[in-house]
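Quick notes on the structure that follows.
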Amino acid sequence: MRILGIDPGYALMGYGVIERNGSRLKVIDYGSISTGPSAPMPERLKFLYSSLMDIIAETQPETASFEELFYNTNAKTVINVGQARGVAVLACVNSGLEIAEYTPLQIKQALVGYGRAEKKQVQQMVKAILGLEKVPKPDDTADALAAAICHANSIRGSASLQSAIDRALAKEASKKKKTKKQDDFRIIR
């Protein structure tokens, strides 16, 4: 299973794609998408979206894992990060990926075994778990890989059992989608 981890941001959005094969994790790709502060916000969002669509097309993940937003006291920053997160979610949904979300506490717990671990401890665990020579930089990239590892660790069962569960969930979701589309979305004139 391939997992895309995303650390949402509008100036810098970290991403990392890993592959889980049994209990082994392998890095496929990682990096960050950067937008300049002088660019208008709509153009920044468009670039984030199209870049993620390209990354998804190239790496072919099956699922995406996001770190949930942490509320900052700066409302403008929270709104802008929320917009960037929204386009990242849209890119994943438009690519057919299932989405999982984890709090920073859950990610730290999954990687370090302690929910209040320091950022450097998480980064060192990303390096160790994935067998990397150095900690991925910038921090947003390491955080995205941590989100992907967290999701990989949360998936239970054998590959065949997981596949059967995924098929059943997809079938059920398809039924619900049809109902939701009819009930939740309308054009009123």
Side-chain angles (χ1 to χ4, degrees), residues 1-21 25-35 41-71 77-107 110-111 126 130 136 138-156 159 162-163 165-181 184-185:
M1 170 178 278
R2 283 196 180 185
I3 303 163
L4 168 63
I6 296 176
D7 182 39
Y10 62 96
L12 204 58
M13 181 178 288
Y15 72 90
V17 181
I18 63 170
E19 188 169 82
R20 178 177 177 237
N21 189 359
L25 297 177
K26 174 184 163 185
V27 173
I28 302 301
D29 188 23
Y30 63 87
S32 61
I33 305 165
S34 174
T35 66
M41 192 60 166
E43 291 301 316
R44 294 172 89 173
L45 296 173
K46 179 181 176 183
F47 183 75
L48 291 170
Y49 177 83
S50 63
S51 297
L52 275 176
M53 291 297 287
D54 290 344
I55 291 164
I56 292 167
E58 289 170 18
T59 60
Q60 297 292 307
E62 298 163 63
T63 187
S65 177
F66 283 78
E67 181 175 329
E68 287 184 1
L69 290 182
F70 176 76
Y71 180 71
T77 299
V78 170
I79 290 168
N80 288 341
V81 172
Q83 290 182 82
R85 184 183 183 286
V87 298
V89 168
L90 183 63
C92 292
V93 169
N94 283 348
S95 299
L97 305 183
E98 291 185 28
I99 295 174
E101 299 176 278
Y102 300 95
T103 65
L105 191 87
Q106 289 172 310
I107 293 172
L111 271 77
V126 166
L130 297 175
D139 292 351
D140 307 80
T141 302
D143 291 348
L145 286 167
I149 293 167
C150 177
H151 187 58
N153 288 340
S154 73
I155 298 170
R156 300 284 184 241
Q162 187 63 44
S163 179
I165 290 169
D166 288 343
R167 284 192 307 274
L169 289 173
K171 187 176 179 181
E172 191 64 29
S174 176
K175 289 178 188 176
K176 287 182 181 178
K177 264 187 188 177
K178 288 177 185 174
T179 303
K180 277 189 175 184
K181 282 183 181 178
D184 293 344
F185 303 101

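All of these numbers come straight from a predicted model, not from anything done at the bench. Start at 1 with the first residue, then count along the sequence.
Side-chain contact between Leu4 and Thr59: absent, with no pair of heavy atoms (C-beta onward) separated by less than 4.5 Å. Put simply, the side chain of Pro136 does not reach to within 4.5 Å of the side chain of Leu130, judged on heavy atoms.
Residues Leu97 and Pro61 approach most closely at CD2-O, 2.9 Å, considering heavy atoms. The two residues Pro138 and Leu12 have their closest heavy-atom pair at CG-CD2, 3.5 Å. The shortest heavy-atom contact between Ser65 and Ile3 is CB-CG2, 4.3 Å. Contact record, Leu25 with Ala152: CD2-CB, 3.6 Å, taken as the closest heavy-atom pair. Scanning both residues, Phe66 and Ile99, for their nearest heavy atoms gives CD1-CG2, 3.7 Å. When all heavy atoms of Ile56 and Ala91 are compared, the closest pair comes out as CD1-O, 3.9 Å.
At distances below 3.5 Å, at least one donor-acceptor pair connects side-chain atoms of Thr63 with backbone N or O atoms of Glu98. With Thr141 contributing its side chain and Gly31 its backbone, the two residues share a donor-acceptor pair below 3.5 Å.
Distance check: Leu90 CG to Ser95 OG gives 9.0 Å after rounding to the nearest 0.5 Å. If you take CG on Asp140 and CD1 on Ile33, they are separated by 11.0 Å, rounding to the nearest 0.5 Å. The distance from the CG atom of Leu145 to the OH atom of Tyr15 is 10.0 Å, given to the nearest 0.5 Å.
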Could you pull out every donor-acceptor pair under 3.5 Å between side chains of residues 41-49 and any protein atom, sequence neighbours left out?
unit_1, atom_1, unit_2, atom_2, d
Arg44, NE, Thr35, OG1, 2.8
Arg44, NE, Gly36, O, 3.2
Arg44, NH2, Thr35, O, 3.3
Arg44, NH2, Thr35, OG1, 3.2
Tyr49, OH, Asn94, ND2, 2.9

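Listed by chain and residue number, Lys119 satisfy the salt bridge (Lys or Arg N to Asp or Glu O under 4.0 Å) test with Asp143 (two or more places apart in sequence, or in another chain).
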Determine whether Tyr10 and Val81 satisfy the following criterion, side-chain contact (heavy atoms from CB on, under 4.5 Å), listing intermediate values before the conclusion.
CA-CA 6 Å; Tyr10 62 96; Val81 172; 3.8 Å; yes
Test side-chain contact (heavy atoms from CB on, under 4.5 Å) on Tyr30 and Ile18; report intermediate values, then the result.
CA-CA 9 Å; Tyr30 63 87; Ile18 63 170; over 6 Å; no
Given side-chain contact (heavy atoms from CB on, under 4.5 Å), test Leu52 with Met13 step by step and report yes or no.
CA-CA 10 Å; Leu52 275 176; Met13 181 178 288; 3.5 Å; yes
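Between Glu62 and Arg2, none of the side-chain N atoms (NZ, or NE/NH1/NH2) sits under 4.0 Å from a carboxylate O, so this pair counts as no salt bridge.
Counting only residues at least two apart or on different chains, the ring-ring contact (aromatic ring centres under 6.0 Å, His included) pairs with a member in residues 78-104 are Tyr102-His151.
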